[in-house]
Amino acid sequence: MPRITLPDGSCREFPGPVAVAAVAADIGSGLAKAALAGRVDGRLVDTSQIIDHDATLEIVTARDADGLEVIRHSCAHLLAQAVKELFPEAQVTIGPVIEDGFYYDFAYHRTFTPEDLDAIEARMHELAAAALPVSRTEMGRDEAVAFFRGLGEEYKAEIIAAIPQDEVISLYSQGHFTDLCRGPHVPDTGRIPAFKLTKVAGAYWRGDSANAMLQRIYGTAWANRKDLDAYLQRQAEAEQRDHRKLGRRLDLFHVQEEAPGMVFWHPRGWVIYTEIERYMREMQRANGYREIRTPQLVDFSLWQRSGHADKFGKDMFALQIDERAFAIKPMNCPCHVQVYNQGLRSYRDLPLRLAEFGSCHRNEPSGSLHGIMRVRGFTQDDAHIFCTEDQVQGEVARFIDFLHRIYADFGFDEVIYRLSTRPEQRVGSDEVWDRAERALADALDAQRLQWELLPGEGAFSGPKIEFSLKDSIGRVWQLGTIQVDFSMPERLGAQYVDADDQRRVPVMLHRAVLGSFERFIGMLIEHYEGAFPVWLAPLQVAVLNITDGQAEYAGEVVEALQNKSFRAENDLRNEKIGFKIREHTLLKTPYLLIVGDREKASRSVAVRTREGEDLGAMPLDGFIEWLGDRVRRRGRAISGN
RNA sequence: GCCGGAAUAGCUCAGCUCGGUAGAGCAGCGCAUUCGUAAUGCGUUGGUCGGAGGUUCGAAUCCUCUUUCCGGCACCA
């Protein structure tokens, strides 16, 4: 006599074991139709699951986040079924749910074409319309291995062979298609209401580039047509904020074939870059950093001593000049140690914070280049803090505060913290890594921050904390980092004399707030959709005259603004005012000052924002003061005017 | 680096399937217009089709190689 407790607290009793679907039907026919899965005692199960004991039950529908996952997972199976029907020789592998959708990897002797994709999707729609029942069966491991081998599914057999012998293996079947799966799945293929295949791409078996390349088909699936359309709409909008597109439209930068992975900054883009650099320089100076500049081209032996040559030698731009091997620096730290090493350091000098807007070059794999986000030539807001082991935690805490202030100036308040620990390939003893990892974890805990652990993701010379931000459309960007390094100072012979006149090796903290300027600006372009806050905007104010009669006055307005160091230009072209407004709005100039005879007579300006808001006329002096206030607030200003 | 796709005027794109020496809109330039808050009208310049080979009487269109970009995968000190 199972007694089922529902989420609202009510109970229902059944004379004998009962399926989730039957309970749903008992509650109401609408719910029965909507039921995709059940949550029995907190565990997600199929609607066919029989409950034979007292339990809590929640009926999972498409409105449930879990319900949507079930739909997506089942849609991956639907995809696999369609592929197997159209291409019987293709082998199935894995097909997980991902954000907004799913994918399925197949092994096949040729690649799937876009036309194949259309055919597969069409077949999926037919299979969904047929509402084929989905059934679950269980098998022992060896039996399951034999079953899939019999079908010629070697990859599946390999997956199952790795599952422990005593674990129950479940199979899901729909039509003539059977797949290994943990489930749960929708009761029939008719419950997958809205989906679309999005792309095909290669993907390595088990994510290892040493393995065969499979073909991955991506798709998206939703609870209904409306949600699917909304998703596609969001994708289209995200494309509109692509920094490569905006970079060209707003005339910020370009890239070209002769310099792959390098950026040509245009005047407007360079304003943004130099404004950020100027701001960072000021912030660092005010926070105990001393700026330095080190060489680009350094003898290869330094990279051998630092350990970079071993791990990254092939990825460095190396060159042979007059029998001597050099490399363009891929990072700044070995050079910073050279600066540290000049003269004998005392413990009184520590912590020593050396900062550099260091220009680095790395020969990134060709396939990884992406606009100005992933490039081969870039500049970091890099700094290295040389300190004693006792000072590490305090310096990390101090850095976290520093970083919070900077992010807030760019309008970001929410930071995500992750601690990356020792990777397989590394330098330094385990004991040293233990200490370094503990120091970072303690610093985070002392600040009462919530953080996430990323085992094995650390740099080769030390563990690190990574700081990420969420942009205006919810994407997460890893920007800042602080890495503890006990190894490099030793390798490069850094020392200081302690209070007892003993020579000691300092600890080195590698840190960056923005990461690379290129990537950071790329992210900002997408975050702001090109509408930079006024302190960063390439052009802050455009002065537009109505007719030639106000040309001279427009010139005076611009001069007054420029005298106060604002970036202002006038637009005296013989065009209608609507035309000029449209052009500057599209260029995302924050403020448009319209000057006609009225304004000229009263020495005022009519202010319009790029959002289309009319702020009315104000005296020129008043506007200058008001604008200064907006600029000083930086990204902390409330958006818009 | 691996898999797939793309590369045509400054920009966005058509033409390529069925080979016969390129076309649109915007931008630019010229002229007219001096007109108050997202596109004034008319006229006009401009490309040999990413690069190198090949097939062909003839190639932007077909084939090969190559470069770069795009989407993934892998990588990311």
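Per chain, numbering begins at 1; letters A, B, ... match sequence-line order.
Under the 4.0 Å criterion applied to side-chain N and carboxylate O atoms, A:Arg582 and A:Glu575 are not assigned as salt-bridge partners.
Rounded to the nearest 0.5 angstrom, A:Cys333 SG and A:Gln483 CD are separated by 7.5 Å.
Taking the ring axis of A:Phe312 as reference, the NZ or CZ atom of A:Arg362 does not stay both within 45° of it and closer than 6.0 Å to the ring centre.
Nearer the 5' end of RNA chain B, as judged by each residue's closest nucleotide, is the contact made by A:Asp614, out of A:Ser209 and A:Asp614.
Looking at A:Arg206, its side chain has no donor and acceptor atom pair within 3.5 Å of the base of B:rC73.
Scanning for side chain to side chain contact (heavy atoms under 4.5 Å, CB included) contacts around A:Lys311 gives A:Gln425, A:Phe460, with sequence neighbours left out. Residues passing the side chain to side chain contact (heavy atoms under 4.5 Å, CB included) test with A:Thr481, sequence neighbours excluded: A:Lys464, A:Glu466, A:Gln478, A:Ala512.
Taking a 6.0 Å sphere around CD of A:Glu552, one finds it holds 12 or fewer heavy atoms contributed by other residues, nucleotides or ligands.
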At a cut-off of 3.5 Å, list every protein nitrogen or oxygen paired with a nitrogen or oxygen from nucleotides 11-13 of chain B, distance to 0.1 Å.
| from | atom 1 | to | atom 2 | distance (Å) |
| --- | --- | --- | --- | --- |
| B:rU12 | OP1 | A:Arg248 | NH1 | 2.6 |

With the criterion being N/O to N/O and under 3.5 Å, what pairs connect the protein with nucleotides 39-48 of chain B, and how long is each?
| from | atom 1 | to | atom 2 | distance (Å) |
| --- | --- | --- | --- | --- |
| B:rA39 | N9 | A:Arg582 | NE | 3.4 |
| B:rA39 | N7 | A:Arg582 | NE | 3.4 |
| B:rA39 | N7 | A:Arg582 | NH1 | 3.2 |
| B:rA39 | N7 | A:Arg582 | NH2 | 3.4 |
| B:rA39 | N6 | A:Arg582 | NH2 | 2.7 |
| B:rA39 | N1 | A:Arg582 | NH2 | 3.2 |

Between protein and nucleic acid, restricted to nucleotides 2-8 of chain B and to nitrogen or oxygen atoms under 3.5 Å apart, what atom pairs and distances do you find?
| from | atom 1 | to | atom 2 | distance (Å) |
| --- | --- | --- | --- | --- |
| B:rC2 | O4' | A:Tyr204 | OH | 3.3 |
| B:rC3 | O2 | A:Gly202 | N | 3.4 |

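If you measure from atom CZ of A:Arg376 to atom P of B:rU67, you get 11 Å, rounded to the nearest angstrom.
Ring orientation note: the planes of A:Tyr108 and A:Phe112 are close to parallel, at an angle under 30° on the 30°/60° scale.
In RNA chain B, runs of at least 3 stacked Watson-Crick or G-U pairs (N1-N3 plus N6-O4 or O6-N4, or N1-O2 plus O6-N3, all under 3.5 Å) give these stems: B:1-7 with B:67-73, B:10-13 with B:23-26, B:28-32 with B:40-44, B:50-54 with B:62-66.
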